[in-house]
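Next up is a structure, given as structure tokens.
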Amino acid sequence: MNTAIRVGAFGAGITLAFGAAFGVGRLVGPVGSDPEPTHHGSPADDSEAGGAGGAGERAEPAGEPETPGGLGISERGYTLAPDRTRLPAGEPTDFTFRILGPDGAPLTGYTESHEKELHLIVVNRDLSGFQHVHPELDADGTWSVPLTFEQAGDHRVFADFTPSDDPAGGLTLGADIAVTGPYEPRPLPAAERTAVVDGYTVTLDGEIEAGVENELRLRVADQNGEPVTDLEPYLGAYGHLVALRAGDLGYLHVHPGGEPGDGVTQAGPGITFHTRVPSAGTYRLYLDFQHRGEVRTAEFTVRVDGSDVPDDADAGDAPDDHQH
Ligand SMILES: [Cu+2]
């Protein structure tokens with residue numbers, strides 16, 4: 001509705017201009033070629049996160065958005081191999097999987113990123129039921145994590161990791177998991193600039209344009225509406241943000257702007273991120289933040305581009321029109 005993330009008349013013109021340039025570039029250049037993907041998790045990223053600067057220091061070629069991660073179960077010779085791809089809804093399960101390396105053997109060597117060797121994101125394909133967990137690795141290369149899929153439906157799991165001996169850096173693989181049980185797909189919530197979780201209100205500032213570096217600023221207020229200035233570090237940052245593209249669940253890499261203890265970054269109420277959004281469309285953002293010992297997730301629907309598509313039609317699925 002009118003709460004969509006819009007950039008105003010002047011900004012919208014710029015957005016369209018970028019969008020047009022991007023379209024031409026894609027027509028001329030090979031689609032999907034991504035000469036220097038900067039994945040979160042590469043050593044280069046870690047040094048970037050330490051500097052408060054951000055945008056200008058990034059090694060990505062200007063105007064060339066990175067391809068979303070997580071669209072493939074295999075990439076660069078690595079394959080995400082879940083032990084089971086069919087699991088029941090509503091029951092605790094032990095979710096196990098391996099990352100098979102280019103030699104076909106389970107990968108056992110990983111480089112930590114954001115304090116973990118692998119981040120597992122789980123979400124229903126209707127973009128509900130988001131979970132961000134950290135499985136344990138055994139000596140044979142099997143990852144395991146207790147998981148409960150609250151709702152039935154096709155789910156996507158994303159493994160975000162960095163092989164320790166690969167100069168190309170980190171990558172994100174995605175696999176589908178069928179969660180069995182009665183399923184009623186939920187429509188994507190409308191685009192809004194505020195999200196409420198457990199009484200905390202999180203506000204999203206910043207303009208989002210396709211094809212350029214975007215700075216996203218989130219502000220956290222507590223149950224009394226007071227700005228939170230004592231956010232706690234979680235995985236080496238004051239917030240972690242995952243962005244998924246509605247329609248195909250493309251996984252965007254989002255980089256925190258600064259980190260706790262760098263002398264610049266404050267413990268709230270503002271949290272800054274940088275990301276490149278590869279296309280116009282609708283995205284779901286998931287912000288994990290920690291306060292008073294608890295991690296919470298604030299979720300936003302964001303529309304990129306000043307498109308006139310109605311909210312209920314741009315989620316890709318338009319669930320209300322397809323009920324049987
Ligand atoms: Cu993680």
Side-chain angles (χ1 to χ4, degrees), residues 37-46 48-50 66 68-70 75 78 80 82 93-99 107-124 127-138 141-149 155-164 169-175 177 197 202 216 218 220 231-244 249-261 265 271-275 283-291 293-300:
T38 299
H39 292 290
H40 113 239
S42 69
D45 282 358
D46 291 336
E48 282 170 17
E66 55 186 87
E75 191 181 321
Y78 299 94
L80 171 55
T93 62
D94 188 27
F95 185 71
T96 56
F97 62 95
R98 278 166 282 278
I99 304 294
L107 185 68
T108 56
Y110 296 83
T111 299
E112 277 193 8
S113 162
H114 299 293
E115 300 186 349
K116 298 290 178 181
E117 291 186 329
L118 185 144
H119 302 261
L120 191 75
I121 305 299
V122 180
V123 72
N124 200 308
L127 292 169
S128 68
F130 176 89
Q131 300 183 63
H132 176 172
V133 295
H134 301 106
E136 304 246 325
L137 178 66
D138 76 9
T142 297
W143 292 94
S144 58
V145 62
L147 266 189
T148 301
F149 298 88
H155 280 63
R156 192 78 173 163
V157 296
F158 300 94
D160 184 337
F161 63 96
T162 303
S164 60
L171 72 163
T172 304
L173 303 176
I177 303 292
V197 52
V202 183
L216 306 179
L218 294 118
V220 184
L231 288 171
E232 294 156 0
Y234 172 57
L235 302 174
Y238 287 123
H240 283 268
L241 186 63
V242 166
L244 300 175
L249 273 56
Y251 178 101
L252 303 193
H253 292 276
V254 184
H255 310 265
E259 62 186 11
T265 306
I271 317 173
T272 302
F273 297 93
H274 298 103
T275 191
Y283 294 80
R284 188 75 167 162
L285 308 186
Y286 305 87
L287 171 72
D288 292 332
F289 65 96
Q290 182 175 319
H291 190 230
E294 200 168 326
V295 177
R296 296 177 172 85
T297 305
E299 304 188 13
F300 300 83

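Note that ligands are numbered from 1 as they come in the structure, with each ligand's atoms numbered from 1 the same way.
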Taking the ring centre of each residue, are His132 and Tyr286 less than 6.0 Å apart?
no
Flag the pair Trp143 / Tyr110 as yes when their ring centroid distance falls below 6.0 Å, and as no otherwise.
yes
Would you say the side-chain atoms of Thr275 pair up with the backbone N or O of His253, donor to acceptor, closer than 3.5 Å?
yes
Do you know which two heavy atoms are closest between Val133 and Pro135, and how far apart they sit?
O-CD, 3.6 Å
Strictly under 2.8 Å, how many protein N, O or S atoms lie near the Cu ion (ligand 1)? Waters don't count.
3
Parallel, tilted or perpendicular for His240 and His114, by the 30°/60° rule?
perpendicular
When you measure from the side chain of Glu232 to the backbone of Gly293, do you find a donor-acceptor pair of N or O atoms at a distance under 3.5 Å?
yes
